[in-house]
**Q** 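This is the structure I want to talk about, given as structure tokens.
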Amino acid sequence: MRRIGAEILVIGGGATGAGIALDAALRGFKTLLVEKGDLAHGTTGRYHGLLHSGGRYAVRDPQAARECIAENRILRRIMPGAIEDTGGFFLLLPEDDPAYADRWVMACAEADIPVEEIALAAALAEEPMLTPEAVRVFRTPDAACDSFDALHALARGIHAAGGIVRARHRVESLIVEGSHVRGAQVYDERTGESVEIRAEMVVNAAGPWAGQIAAMAGIALPVALSKGTLLAYAHRLTQAVLSRCAMPDDGDALVPVGTVSVIGTTSVPVEDLGRALSSEQPPSGLRPPPPCKGEAGWGFRHTTVQTRNTLDGLDSVEIEPWEVEKLKRRAEALVPAARDARLLRAWAGVRPLFQDESPAEGGRALTRTHTVVDHATRDGIGRFISVVGGKFTTYRLMAEDTVDLVGQKLGVYRACRTADERLPGNEPGRYHIFNKRYECIDRAPSAESVLCECELVTREQLAEAIRAGSVMALDDLRRDLRLGMGPCQGAFCAFRAAGVLREAQALTPEAANAALLDFLQERWKGLRPIATGSTARQAMLNIRLYRDLLGLDRLPCDTEPSP
Ligand SMILES: Cc1cc2nc3c(=O)[nH]c(=O)nc-3n(C[C@H](O)[C@H](O)[C@H](O)COP(=O)(O)OP(=O)(O)OC[C@H]3O[C@@H](n4cnc5c(N)ncnc54)[C@H](O)[C@@H]3O)c2cc1C
């Protein structure tokens, strides 16, 4: 067994864990981050993509609103390369409470959120697709943020500050000695090796899995899970974020993310994800669900299916037909043309909500949006801290609060630097430009080297990402480069990318087949809940290509693709 020592061990490679690892490393702590999957594999990689202005929370939760706008300004400074400065419009629609708008304007002013009311005609000149029925329109500093780019930048920042990031390292148990957590036993998924990590302080930033990690120290952490479903349209409906000027509700924001527009979310309590898993087996191979007689379209039906990640049961959630219908209606209220737009994909993420009945006695309810739990005071287990809740937009603040507590516990007082240190690869004021990806065509040695035409990913970019990262699956390349995320959902790029992966990693044909099948299965899961009309036609094309033409589900496959 390999043994490693660190001052701070952070569990979880989402925005929160990566933010904590960066903050700790910048304060001079010897820091190690472990993530069981790929970075951003959890909620962070499934979020809505909205860098909140705080407008959404201004009336209901002024504290959250103030945090969002303050962090929005900071993230624009430290990671502009991950942010597309789309701006936002809050729309008051005829069915919304007209009195809310004035209350909202006042609440935004109190939270320091800049809001400008503009004439509908001016808004329509900028965004011709938004509903002409809007009664009032307000401009806000909302934006889109690519969580994969953000996590890459954070990982580079951690390395630059002397910290270590280990993806594919799953914490299997915590080392508890007496009344202290002393580290963790970790399984390296790439090598199959067990690793013992000893640390001065262990930070649990495992998002929806935080309760599972706490349980490894015998602690009951009351984390309620809430599922949020999102739908992507196959192209951008607007260039700016659109939000409802109303109390927060399901499907009240439409966010332009890369090549698509995303409507979301729902908010549904999730009780027993394990049971959801066993109630319906994930579809095997690429077989479509049985045709549903009497239904229009291609025989697909809206059905409750699973979006299941291969890593473990808690990664699985169901998307309900009512969620799809409700989100579509909500998108159409903001952009009537959404009615005729093609849906590309559905997916869901899970929010962890801390529900301690007596936070004052143990958990430090720092704000209503996130909680840093000192398990020494709450549970009598020292050197162990959990952080739960929050938003992507406020990950940096959560990290600052957490590392402040770490320093206090270790008796080491060093100032937080993350609000001022720009992340590597970012230049002041240089926001991500949506159509910059076209440059990849100019740089490509030949037209044939563009492997993913939807997202403009070249063979050279793929090869570089495989060389640089800890790629174990084609889905890792999706997170790195947006491979297969565009309108064809992998129809034309997946087999090419599998070829590049096979070459670069000298995979056996069986392992390459398995990698391809896994990737297509992931894409399929997102198509299936919405597979009617033109989405079904795309799904059928993919099935025809891979199942009927290439016979992929009959080819020999390694069940576990080798690294
Ligand atoms: C549907 C939805 C939409 C959202 N939209 C927005 C939005 O638009 N804007 C916004 O600001 N916020 C949004 N949020 C909130 C935001 O996504 C999260 O606050 C943010 O991503 C923080 O994630 P995290 O790092 O805490 O958790 P995660 O991203 O889930 O990270 C936890 C990590 O821990 C890892 N892990 C778990 N167990 C282990 C183990 N045993 N060993 C090693 N690693 C382990 C997991 O693999 C995972 O990667 C949304 C949330 C949801 C659910």
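For ligands, and for the atoms within them, numbers begin at 1 and follow the listed sequence.
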**Q** Give the contacting part of Val350 toward ligand 1: side chain, backbone, both or neither, where contact means a heavy-atom distance below 4.0 Å.
**A** backbone
**Q** Taking only heavy atoms of Arg170 into account, list the atoms of ligand 1 that are under 4.0 Å away from them.
**A** 42 (N)
**Q** Applying the ring-ring contact (aromatic ring centres under 6.0 Å, His included) test to Phe138, which of Phe90, Tyr100, Trp104 qualifies?
**A** Trp104
**Q** Would you mind running through ligand 1 and noting each atom that sits below 4.0 Å from a heavy atom of Gly390?
**A** 19 (O)
**Q** With a 4.0 Å cut-off on N to O distance, would you call Arg56 and Asp252 a salt bridge?
**A** yes
**Q** N/O of Arg46 under 3.5 Å from N/O of ligand 1, yes or no?
**A** no
**Q** Is there a polar contact between ligand 1 and Thr393, counting only N or O atoms under 3.5 Å apart?
**A** yes
**Q** Taking side chain as C-beta onward, heavy atoms only, is Glu35 less than 4.5 Å from Arg168?
**A** no
**Q** Does the N or O separation between Lys36 and ligand 1 drop below 3.5 Å for any pair?
**A** yes
**Q** What I want to find out is whether Arg479 reaches Asp476 closely enough, with some N-O distance under 4.0 Å, to be called a salt bridge.
**A** yes
**Q** Do Val257 and Asp146 have side chains that approach each other closer than 4.5 Å (heavy atoms only, starting at C-beta)?
**A** no
**Q** Can you list the ligand 1 atoms lying under 4.0 Å from a non-hydrogen atom of Gly49?
**A** 8 (O)
**Q** Just to be sure I'm reading this right: ignoring hydrogens, which of Tyr47, Trp347, Tyr187 gets closest to atom 6 (C) of ligand 1? Compare them by their nearest heavy atoms.
**A** Tyr47
**Q** I'd like to check whether Ala15 has a polar contact with ligand 1, where a contact means an N/O of the residue lying under 3.5 Å from an N/O of the ligand.
**A** yes
**Q** Can you see whether Phe434 has Arg236 sitting over its ring - NZ or CZ less than 6.0 Å from the centre and within 45° of the normal?
**A** yes
**Q** Could you check whether any side-chain heavy atom of Gln212 comes within less than 4.5 Å of a side-chain heavy atom of Val223, counting everything from C-beta outward?
**A** no
**Q** Any non-hydrogen atom of His169 lying under 4.0 Å from ligand 1?
**A** yes
**Q** Look at Glu323 together with Lys227 and state whether they make a salt bridge at an N to O cut-off of under 4.0 Å.
**A** yes
**Q** Quick one: are Arg422 and Arg77 in side-chain contact, heavy atoms under 4.5 Å?
**A** no
**Q** Report yes if the side chains of Glu67 and Thr369 come closer than 4.5 Å at any heavy-atom pair, otherwise no.
**A** yes
**Q** Give the numbers and elements of all ligand 1 atoms closer than 4.0 Å to a heavy atom of Pro208.
**A** 30 (O)
**Q** Any idea which part of His52 is under 4.0 Å from ligand 1, heavy-atom wise: side chain, backbone, both or neither?
**A** side chain
**Q** At less than 4.0 angstrom from any non-hydrogen atom of Ile213, what atoms of ligand 1 do you find?
**A** 40 (C), 41 (N)
**Q** What are the atoms of ligand 1, with element, lying closer than 4.0 Å to any heavy atom of Gly12?
**A** 33 (C), 34 (O), 35 (C)
**Q** Should the ring pair His375 and Phe384 be called parallel, tilted or perpendicular, given that the plane angle runs from 0 to 90° and is split at 30 and 60?
**A** parallel
**Q** Tell me whether the NZ or CZ atom of Lys391 lies within the 45° cone about the ring axis of Tyr57 and under 6.0 Å from its centre.
**A** yes
**Q** Going by the atom numbers of ligand 1, which of them fall below 4.0 Å from some non-hydrogen atom of Ala205?
**A** 32 (C)
**Q** Any N or O of Thr43 that comes nearer than 3.5 Å to an N or O of ligand 1?
**A** yes
**Q** Return a yes/no value for Thr16: is any of its N or O atoms, backbone included, closer than 3.5 angstrom to an N or O of ligand 1?
**A** yes
**Q** Based purely on interatomic distance, does Glu35 place a nitrogen or oxygen under 3.5 Å from a nitrogen or oxygen of ligand 1?
**A** yes
**Q** Which of the atoms of ligand 1 are close to Leu50, meaning less than 4.0 Å from one of its heavy atoms?
**A** 7 (C), 8 (O), 9 (N), 10 (C), 11 (O)
**Q** Would you mind telling me if ligand 1 is within reach of the side chain of Ala18, the backbone, both or neither, using heavy atoms under 4.0 Å?
**A** neither
**Q** Could you tell me whether Phe392 approaches ligand 1 through its side chain, its backbone, both or neither, with non-hydrogen atoms closer than 4.0 Å?
**A** both
**Q** Quick check: do Glu200 and Lys409 have side-chain heavy atoms less than 4.5 Å from each other?
**A** no
**Q** Would His48 count as a polar contact of ligand 1, with the cut-off being nitrogen or oxygen pairs under 3.5 Å?
**A** yes
